[in-house]
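These numbers come from the heavy atoms of this one structure, side chains and all, not from hydrogens, waters or symmetry mates. All figures in this text were calculated on a predicted structure; none of them were measured in a lab.
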Amino acid sequence: MVGTANNINLAPAPSSNEPTSLSQYNQNRHELMEILSGLHSLGGIANELPLPQIAVIGSQSVGKSSLIESMSGITLPRDSGTCTRCPMECRLEKADKWSCKISLKFWDERTSTLMSEFPFGGTIHDKGEVEQMLRRAQMAVLRPGTPIALFLTSQLSDIPGNELSFTKNCVSIRVSGPDVPELLFYDLPGIIANVGDGGNEADIELVEELVKSYIRKRHCLILLVVSCETDFENQGAGRLVLKNKALRDNTVGVLTKVDRIELATSQKWVKILKNEETILDHHWFAVKQPNQAQLQARISWEEARRSEKSYFQSIEPWVSLDRGFQQYLGSENLSEHLSLTLSKMIARQLPEIRAKIESLLRQTNEELGNIPERDLKDPRKETIRLLTAFSRKVSKHIEGLPPGSLAAPSGLITTVNKHYEDFQLQVHQTSPRFRPWRSDARLSHADEIDMIRVAEGDDAEDGSGLIIYVDQVCEYAERSRTREWPGDYPFAIKENIVREAIMQWEALANSCFKTVESALNGHLNQLINEHFKQEANPCLIDVVRKTVEEQLNICAKSVKTRIKGTCQGELEKYFTQNHHYFFAFRDKLLNRYKFLYRRSRGEHSFVEVLKTCISPPRQKPPPSPPSVRRSTQYVMEAPRECSPSFSDDIDTILDILARRGLYGVRTEDLAKLLPSTDMDPGLEIMAEIRAYFQVAYKRFGDSVPIDIDTGYIRTFDAGLEVALLTGIPLNDSDCHSYLEEPTSIVQRREELKQRRDDLETAKRKLGQSNLGQMDLDGVDPDDLDEGGSHSGSVQRDEDDGSEDDRSNQPPKAYEPDYRGPIAPVERPLSRNGAQSPMKMPPTLGRELSSDSLGTYEGVPVRRASAW
């Protein structure tokens, strides 16, 4: 069902909070515009609020400036080429007397936030002075490094400084008067198609991005200005808006320079005005501005308005338009349409604006609470408190704290433990890589790869140790024999081979300490910055950092000596008391090495079969009654993966051994019965060396982290508080200088105070009005009769007769990620696609009938009347 500004059917029953007369309605609109103007005056805060606004855009030289003049009643600077080189904020307000105020807004180009706003001169009461002041103001924002005072007093040609071609800095003009429409809009630089000789082509993209930064805002109503002097398709602003549906839905079209239309081509523009081509939800309007002769004659604003009305009432094709389309002609109708639409947008946005202000105010107060003003009555006591609190915080982190959230980085101890794990892996990778087969063994590539995998089953991946074959070990052992008994070999053989690996450990231990030292230093620097940045002067931070570094150096010197002693102990004495682990690991490796050696000689068939036979070891049976056969007490049924006969033989052997008291013998232990080989001594030496390395590397992998943790990290923690309180001067004068706030903190606090005051001002402005509970869609000036009463709360659709009680319909839910269309203040289409006659705005004083359905290209069309 169609809803329009003058056929709106949301009028609720009168209540104490709703307007019941045209004067009340206009008063509410006036109050809404005052609220919007006040919120836009809040500097940088306004950029963070979802404030409705109107952006006037168009291609270069389409008559935007003349349109602004016709709506505002002021004269803008006119130069050759591009006139508008910066955004101009226009606030138009009702008042008893005419006045004008100009101010300058400077933006941070990097963050797109308002840095400062300055009044430019005093209040102007003579319209003739506005043009020159605007010219000076525009030059001031185009030269942001030049003192503003020069632009108020000096000749423009004498003012130094480089001038920007375009800028985001804004000239704000506030016009008040009895005949001024209530509007707030931004006049943006015209879209540039090309640049002349000596021009900067980068200006084309710069201006387009500047325009986009305004029109992409969710609550922006776009006023698209199109010149009838140029083909519509050649005007870049139209392409910028109309190709984007979200922008198109929030666009009001304006045709300018209509007096330059040739009669032969006039129907093309008439179809656009009738919304039959290039259809816009908010329709098209046509305006006629003063021609060049009238401008040179300095025609007044009132005369220009009368001339415009006379033109549309006497010149074809406009005079022949149906009365329903006459309401889209003239600046006065356009201004009324924009004012009504903007006031409705404000009323809709008030709840969201209130919520946003509350949220920003809460955030600002929280940040202010984090940087309270300092009380320096006892600076020494406050300094000691800061130092001891820092020491306790360090202790907590050294004891171990989990991350504060899923996204937070790991804590200190978690990071250090990761370095310890990396260190242990690096030590493990130095293991000798034994090959229990001859170096000249003829093995297939696949067999060799598989045998290496088995041989290194307990080694670390990517090992770097020396590769040693069993024949090399045996040859080295034979060369090392001196006065030993037959079959014995010097212990030095094992020492020399294991020393090759252990000699690398000291460098790895020192590297581990350096990584832990770097991690602790970085973490402490972060804690120092976090703890002192808001409560102390940089000089105290420097003193604390220096004291911490001195304490760390003392502890580092001590722990390095300790690590060196641990490394020397591993090299000087090859010793262990961990006998059980050593022997268990040696026996496991010796069996593995023997299997692999026999496999390399092709003698592995028996061994391989043994590996596939699964038979549990026989255990000593518990006491049992004599009637039970003893042999069944320890023979357990097991799955058989080898041949039944071979498996039965293995079971028989294990049973016999168990009967003779040899319990616990495993299937693989039978491989020890195989005859010895010439390489058995070498295999035994390899197994013992690798077993000792396993014991030593695990011991060393624990010893060094313990040295670092106790001798460096915990020792530093234990002495930190004493070092801070004794190493830092704590007399009153020094402590007072320590606690002087940094300039950045003082400035930030003042910024937050101003921000808080602005937000509280905005909150107070909204709190003084009950408009948040009033829906302007419920009342329209044309729904009020001359006596001020509602003409009815329910209207019937003429096509289907259904009732549309929109006063009971809630507004659409706010969707923050969707730039929804602005509710059109619109006239409906008739069935044949033409605009239906309907009631006119009060400014025209005409009443027409209405029709709510229409068609577009043969398809029925319905227009949304609510947000």
Side-chain angles (χ1 to χ4, degrees), residues 417 420-436 455-461 463-468 470 472-474 476-477 480-481 484-485 487-513 559 561-594 596 664 668-669 672 680-711:
N417 286 340
Y420 291 157
E421 292 173 5
D422 294 341
F423 163 71
Q424 288 178 324
L425 176 62
Q426 292 166 359
V427 174
H428 194 187
Q429 288 172 335
T430 64
S431 166
R433 292 181 286 173
F434 290 119
R435 304 288 186 261
E456 296 183 353
D458 292 289
D459 294 351
E461 292 184 7
S464 60
L466 186 65
I467 296 176
I468 305 174
V470 66
Q472 295 173 340
V473 174
C474 289
Y476 179 53
S480 301
R481 283 174 52 82
E484 288 78 15
W485 291 355
D488 284 348
Y489 297 92
F491 183 67
I493 298 172
K494 302 170 187 176
E495 287 183 325
N496 291 340
I497 294 177
V498 81
R499 183 183 293 113
E500 291 290 334
I502 294 179
M503 286 178 62
Q504 306 174 56
W505 289 2
E506 184 171 0
L508 296 177
N510 289 330
S511 176
C512 176
F513 170 69
V559 78
T561 303
R562 193 165 169 175
I563 291 174
K564 188 174 183 64
T566 299
C567 295
Q568 289 176 345
E570 292 291 343
L571 281 172
E572 292 176 359
K573 298 294 181 182
Y574 301 98
F575 168 81
T576 180
Q577 286 289 338
N578 195 352
H579 296 171
H580 174 77
Y581 185 59
F582 173 81
F583 287 122
F585 202 79
R586 183 200 64 179
D587 292 346
K588 181 180 77 169
L589 290 177
L590 184 58
N591 283 337
R592 180 188 299 170
Y593 290 168
K594 285 183 177 181
L596 291 171
E668 58 266 30
D669 291 335
K672 297 176 182 178
D680 278 3
L683 296 174
E684 291 174 0
I685 291 173
M686 293 168 67
E688 289 191 357
I689 292 174
R690 183 61 183 83
Y692 179 78
F693 178 89
Q694 190 74 9
V695 173
Y697 113 79
K698 286 183 175 294
R699 176 179 63 211
F700 188 74
D702 282 340
S703 297
V704 171
I706 290 174
D707 289 342
I708 296 174
D709 190 61
T710 57

So how far is it from Ile708 CD1 to Ser703 OG, rounded to the nearest 0.5 Å? 11.0 Å

Mind listing the closest non-hydrogen atom pair of Lys573 and Tyr692 along with its distance? O-OH, 3.9 Å

Residue pair Val695 / Phe585, side-chain heavy-atom distance below 4.5 Å: no

Can you list the residues that meet the salt bridge (Lys or Arg N to Asp or Glu O under 4.0 Å) rule with Glu456, with sequence neighbours excluded? Arg435

Do you know the tightest heavy-atom contact between Ala477 and Ile685? CB-CD1, 4.0 Å

Sequence neighbours excluded, which residues qualify as salt bridge (Lys or Arg N to Asp or Glu O under 4.0 Å) partners of Glu688? Lys494, Arg586

List for me each residue that meets side chain to side chain contact (heavy atoms under 4.5 Å, CB included) alongside Ser511, sequence neighbours excluded, and say none if there are none. none

With sequence neighbours excluded, what pairs up with Asp458 under the salt bridge (Lys or Arg N to Asp or Glu O under 4.0 Å) test? Lys588, Arg592

Evaluate the side-chain proximity of Val704 to Tyr420: yes if any heavy-atom separation is below 4.5 Å, no if none is. no

Does Phe513 have any ring pair (Phe, Tyr, Trp, His ring centres under 6.0 Å) partners at least two apart in sequence or in another chain, and if so, which? Tyr712

Any side-chain to backbone donor/acceptor pair from Thr566 onto Arg562? Under 3.5 Å, distance only. yes

Just grab all the salt bridge (Lys or Arg N to Asp or Glu O under 4.0 Å) pairs involving residues 496-510, residues at least two apart or on different chains. Glu506-Lys564

Can a donor-acceptor pair be found, under 3.5 Å and without considering hydrogens, that links the side chain of Glu684 to the backbone of Leu590? no

Euclidean distance, Leu596 CG relative to Asn591 CG, rounded to 0.5 Å: 11.0 Å

Closest heavy-atom pair and its distance - Ala501, Thr430: CB-O, 3.3 Å

Assign the ring pair Phe693 / Tyr697 to parallel, tilted or perpendicular, where the plane angle (0 to 90°) is split at 30° and 60°. parallel

Hey, are the side chains of Pro432 and Val498 touching, using non-hydrogen atoms and a 4.5 Å cut-off? no

Spell out, as yes or no, whether a donor-acceptor pair under 3.5 Å connects the side chain of Ser431 to the backbone of His428. no

Using side chain to side chain contact (heavy atoms under 4.5 Å, CB included) as the criterion, list what pairs up with Ala492, not counting sequence neighbours. Glu495, Asn496

Going by ring pair (Phe, Tyr, Trp, His ring centres under 6.0 Å), name the residues that satisfy it together with Phe700, two or more places apart in sequence or in a different chain. Phe423, Trp505

The side chain to side chain contact (heavy atoms under 4.5 Å, CB included) partners of Ser480 (sequence neighbours excluded) come to Tyr476, Pro490, Ile493

Quick one: SG on Cys567 to CG on Asn510, what's the gap to the nearest 0.5 Å? 6.5 Å

Polar side-chain atom of Gln424 near backbone of Gly701 as donor-acceptor pair, under 3.5 Å: yes

If the condition is salt bridge (Lys or Arg N to Asp or Glu O under 4.0 Å), which residues does Arg433 pass it with, not counting sequence neighbours? none

Over all heavy atoms of both residues, which pair between Ala460 and Leu425 is shortest? Give the atoms and the distance, please. CB-CD1, 4.0 Å

Can you name the closest pair of heavy atoms from Pro436 and Val470 and give their distance? C-CG1, 4.0 Å

To the nearest 0.5 Å, what is the distance between CD1 (Ile706) and CD1 (Ile563)? 12.0 Å

Which residues share a side chain to side chain contact (heavy atoms under 4.5 Å, CB included) with His580, sequence neighbours left out: none

Residue among Ile497, Leu683, Leu589 satisfying side-chain contact (heavy atoms from CB on, under 4.5 Å) with Phe434: Ile497

Which residue pairs satisfy the salt bridge (Lys or Arg N to Asp or Glu O under 4.0 Å) criterion with at least one member in residues 689-704, sequence neighbours excluded? Asp459-Arg690, Glu570-Arg699

Which atom names give the shortest non-hydrogen contact between Asn578 and Tyr581, and what distance separates them? OD1-CB, 3.3 Å

